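Reviewing the structure listed below.
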Amino acid sequence: MKILVSNDDGYQAYGLRCLAAALSEIAEVWVVAPDRNRSGASNSLTLDVPLRVHQVDDRIYYVNGTPTDCVHVAITGVLDFEPDMVVSGINHGSNLGDDTLYSGTVAAAMEGRFLGYPAIAVSLAGDRPSHFEAAADLTRELITRLERDPLPRDTILSVNVPDLPRDRIRGWAATRLGFRHRSEPVVAIRDPKGRPAYWIGPAGAGQDAGPGTDFHAVAEGWASLTPLKIDLTHHAQVAELQQWLTAPEG
Ligand code: MN
């Protein structure tokens, strides 16, 4: 098996190193990851400058681009083979609920899926998470299971692991995305010249975070496994919208 590994925290991130090491036990691992932290990059592509790919070690490359750029360039330009799977992470911090829309970690997996490969995004919960080896072990076990017993190819799996030692993680739970309260306001600062500037504030706490959600599973010590799809259409509203378009106004 050949696995393409990427992330959004940059090619030097500890989470990526742990993931690559664990997956190397079961596959040939190729790392193509951003040159620096690109968390929050979502599905962005770089279109205004060329992408340069630097090889730093055997099968390890960094790119001056986003996570999506990395997977795109790797699969369509750099690798001379088809990977069996694209795995992104391990992110330093959870990607729960609406985080999924902003996440570069999830985006790298999505790009793998767009290009036709099974894809997994892995995130470790916590502000300063530390149990990366546990999350990497779980991911390796998950992939071993998927090899024996594959899921439909168009599934993207988003994994969120609680920041606990392996023996305190209760197991896997299939979940749906919850959602957060609105995020905290921006933090206003002054730059050295006295001009106002802003830091994006932290994400809100879980709002829809009850049983069955990714938030709940992680809070209860389970490794959360959420199947994602790309189609954002609100299917139930299409017919209603057509009615609204065709009905007389007022
Ligand atoms: Mn990140």
Side-chain angles (χ1 to χ4, degrees), residues 3-23 29-46 51 56 60-74 85-114 119-136 138-139 142 156-164 177-180 183-184 186-187 199-206 214-215 218 223-226 228:
I3 297 179
L4 171 61
V5 168
S6 193
N7 75 347
D8 74 357
D9 296 324
Y11 76 103
Q12 299 188 78
Y14 185 66
L16 177 138
R17 295 295 169 108
C18 274
L19 179 64
L23 299 189
V29 172
W30 294 71
V31 173
V32 183
D35 56 356
R36 60 195 165 92
N37 191 338
R38 302 301 298 266
S39 295
S42 189
N43 300 87
S44 58
L45 283 169
T46 299
L51 296 169
V56 282
I60 301 179
Y61 302 82
Y62 69 79
V63 180
N64 60 328
T66 65
T68 302
D69 290 328
C70 290
V71 172
H72 196 92
V73 165
M85 188 177 286
V86 176
V87 184
S88 175
I90 297 168
N91 192 55
H92 293 231
S94 60
N95 279 301
L96 300 168
D98 15 338
D99 302 340
T100 302
L101 288 177
Y102 299 97
S103 167
T105 307
V106 174
M110 277 191 187
E111 188 63 13
R113 170 65 202 101
F114 277 139
I120 304 176
V122 187
S123 305
L124 182 58
D127 283 342
R128 287 189 187 78
S130 60
H131 295 94
F132 285 97
E133 285 81 3
L138 278 168
T139 306
L142 175 68
I156 301 164
L157 293 176
S158 178
V159 174
N160 279 279
V161 181
D163 188 26
L164 296 170
L177 297 181
F179 61 84
R180 293 183 182 276
S183 50
E184 301 290 316
V186 291
V187 177
W199 282 103
I200 297 288
D214 48 359
F215 286 95
V218 169
S224 163
L225 194 53
T226 309
L228 301 179

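Numbering of residues begins at 1 and proceeds along the displayed sequence. When a ligand or atom number is given, it counts from 1 through the structure's own listing order. None of these values were measured; they are calculated from a predicted model.
- Here Asn91 contributes OD1 and Ser39 contributes OG, and at the Mn ion (ligand 1) these two atoms make an angle of 180°, given to 10°.
- Within Asp9, the N/O/S atom positioned nearest the Mn ion (ligand 1) carries the name OD1.
- The two residues Asp8 and Gly104 have their closest heavy-atom pair at OD2-N, 3.2 Å.
- In the model, Asn160 has no side-chain atom that pairs as donor or acceptor with a side-chain atom of Ser224 under 3.5 Å.
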Practice item. Using the side-chain hydrogen bond (donor to acceptor under 3.5 Å, both in side chains) rule, take Ser39 and Asp9 through it: C-alpha gap first, then chi angles, then the decisive distance, then the call. Key: CA-CA 6 Å; Ser39 295; Asp9 296 324; 2.8 Å; yes
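- Relative ring orientation between Trp30 and Tyr61 is described as parallel, the plane-to-plane angle staying below 30° on a 0-90° scale split at 30° and 60°.
- Atom OD1 is the N/O/S atom of Asp8 found closest to the Mn ion (ligand 1).
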